[in-house]
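Please read the structure below before turning to the comments.
Side-chain atoms are counted along with the backbone in the values below, which use heavy atoms only and exclude waters and symmetry mates. In what follows, chains are A, B, ... by sequence order, proteins preceding strands, each numbered from 1.
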Protein chains: 2
Amino acid sequence: MLRITKITDYGFILLAHMANQDKELLHNAKDLSAAIGIPLPTVSKVLKILTQGGILQSHQGSKGGYSLAKPAGEITAAEIIEAVEGPVAITDCSSSEGCERNCVVSPSWQQVNTAVIGALSGLTLADMSNG
Amino acid sequence: MLRITKITDYGFILLAHMANQDKELLHNAKDLSAAIGIPLPTVSKVLKILTQGGILQSHQGSKGGYSLAKPAGEITAAEIIEAVEGPVAITDCSSSEGCERNCVVSPSWQQVNTAVIGALSGLTLADMSNG
DNA sequence: CTCAATTAAGACCAAATAGGTCTACTATTT
DNA sequence: AAATAGTAGACCTATTTGGTCTTAATTGAG
């Protein structure tokens, strides 16, 4: 439906929340869950995915938690979506491998896809939080 | 996954095919199915949806079929996607009704969404077919 | 060194969506 | 009337997504 998934949406909400606070502060899943009102197991899953995607840094063990891996101004919406959902591609045609069918419409999709990625890359976490 | 559905993809293929031929020619579902290699019931479904969305004109009865409702240069990708999938909205936040949660990230999504719609509106069926 | 807190990995199930097919009906031409 | 096409919508299946749970592995504190 040309829409980001709920998990990605949660990711943005969590990241915006973290960006609005002291960058060095470690946030654990439990506190974030309480602060935002999303169930703990789900929050935990999202944080894990964001960490694997390099958006967050994690610190295991007691007193552990998560923090942004980079300044909020350097984390783009494109990056976040890719971390959670994989490469952005409006159609299979427009994926980085190109269209294996070599169909007529393929070049046009590439163009649209580039525009979409451009829009998403121009938007940083800092822009989105600024609370 | 930020992707159009298969049905929408079929729609583009069918429309591009039709745009590449005499505009007045009526195409019936059976011939289109044979020409493109998509099963008849599926082609039939897609054509029906495109007609309801005002992209195609239909003519019932024997010797009936479908034709473009407008010149290919006036049919945009945005229109086609909306006809099949409903309004384009990256998130619920960015739908035309606005974000009922009134969250921080909402204005940013509006912005991205506008950019995406812009890209899709700048691309016509004529651009995509031109075979 | 042990315990408690916390993330890591991934299995797992349920719900939602999408894909595709089918049947019955209506309209039009011959 | 008969044949051809579109119309409407039900229907089932497969895939994806959402969410939870269990079992590790890691680290700080006493």
In whole Å, what is the span from the NZ atom of A:K45 to the C1' atom of D:dT22? 14 Å
A:T5 side-chain N/O to D:dG18 phosphate OP1/OP2 under 4.0 Å: yes
Judged by each residue's nearest nucleotide on DNA chain C, which is more toward the 5′ side, A:K48 or B:K6? A:K48
Residue whose closest nucleotide on DNA chain C lies nearer the 5' end, B:L40 versus A:Y66: A:Y66
Taking atom P of C:dT29 as reference, at what distance in whole Å does atom CG of B:L26 sit? 10 Å
Check: A:P71 main-chain N/O paired with A:E74 side-chain donor or acceptor under 3.5 Å: no
Rounded to the nearest angstrom, tell me the gap between atom CG in A:L32 and atom P in C:dT6. 12 Å
Tell me whether A:L26 is reachable from A:I55 by hopping between hydrophobic residues (I, L, V, M, F, W, Y) whose side-chain heavy atoms are closer than 4.5 Å. no
For nucleotides 24-26 of chain C, which of its nitrogen or oxygen atoms have a protein nitrogen or oxygen under 3.5 Å away, and what is each distance?
none

Under 3.5 Å: donor-acceptor pair, side chain of A:R3, backbone of B:A89: yes
Atom CG of B:D9 and atom C1' of C:dA18: how far apart are they, to the nearest Å? 14 Å
What's A:I7 touching, base or sugar-phosphate or nothing? Going by heavy atoms closer than 4.0 Å. sugar-phosphate
Can you check the A:L47 CG to D:dG18 C1' distance for me, whole Å? 16 Å
Check whether any side-chain heavy atom of B:I38 sits under 4.5 Å from a side-chain heavy atom of B:V46, and report yes or no. no
A:Y10 side chain near D:dG19 phosphate (N/O to OP1/OP2, under 4.0 Å): yes
Spacing of A:N28 atom CG relative to C:dA4 atom P, expressed in whole Å: 18 Å
Does a side-chain N or O from B:T42 land closer than 4.0 Å to OP1 or OP2 of C:dT21, or not? yes
Between A:I117 and A:A78 the two heavy atoms that sit nearest each other are O-CB, 4.4 Å
Tell me whether the OP1 or OP2 atom of C:dA8 has a side-chain N or O from A:S58 closer than 4.0 Å. yes
B:E85 (side chain) donor-acceptor with B:E82 (main chain) under 3.5 angstrom: no
Can you confirm whether B:K23 is buried at NZ, in the sense that more than 12 heavy atoms of other residues, nucleotides or ligands lie under 6.0 Å from that atom? yes
How long is the line joining NE2 of A:H59 and P of C:dT6, in whole Å? 12 Å
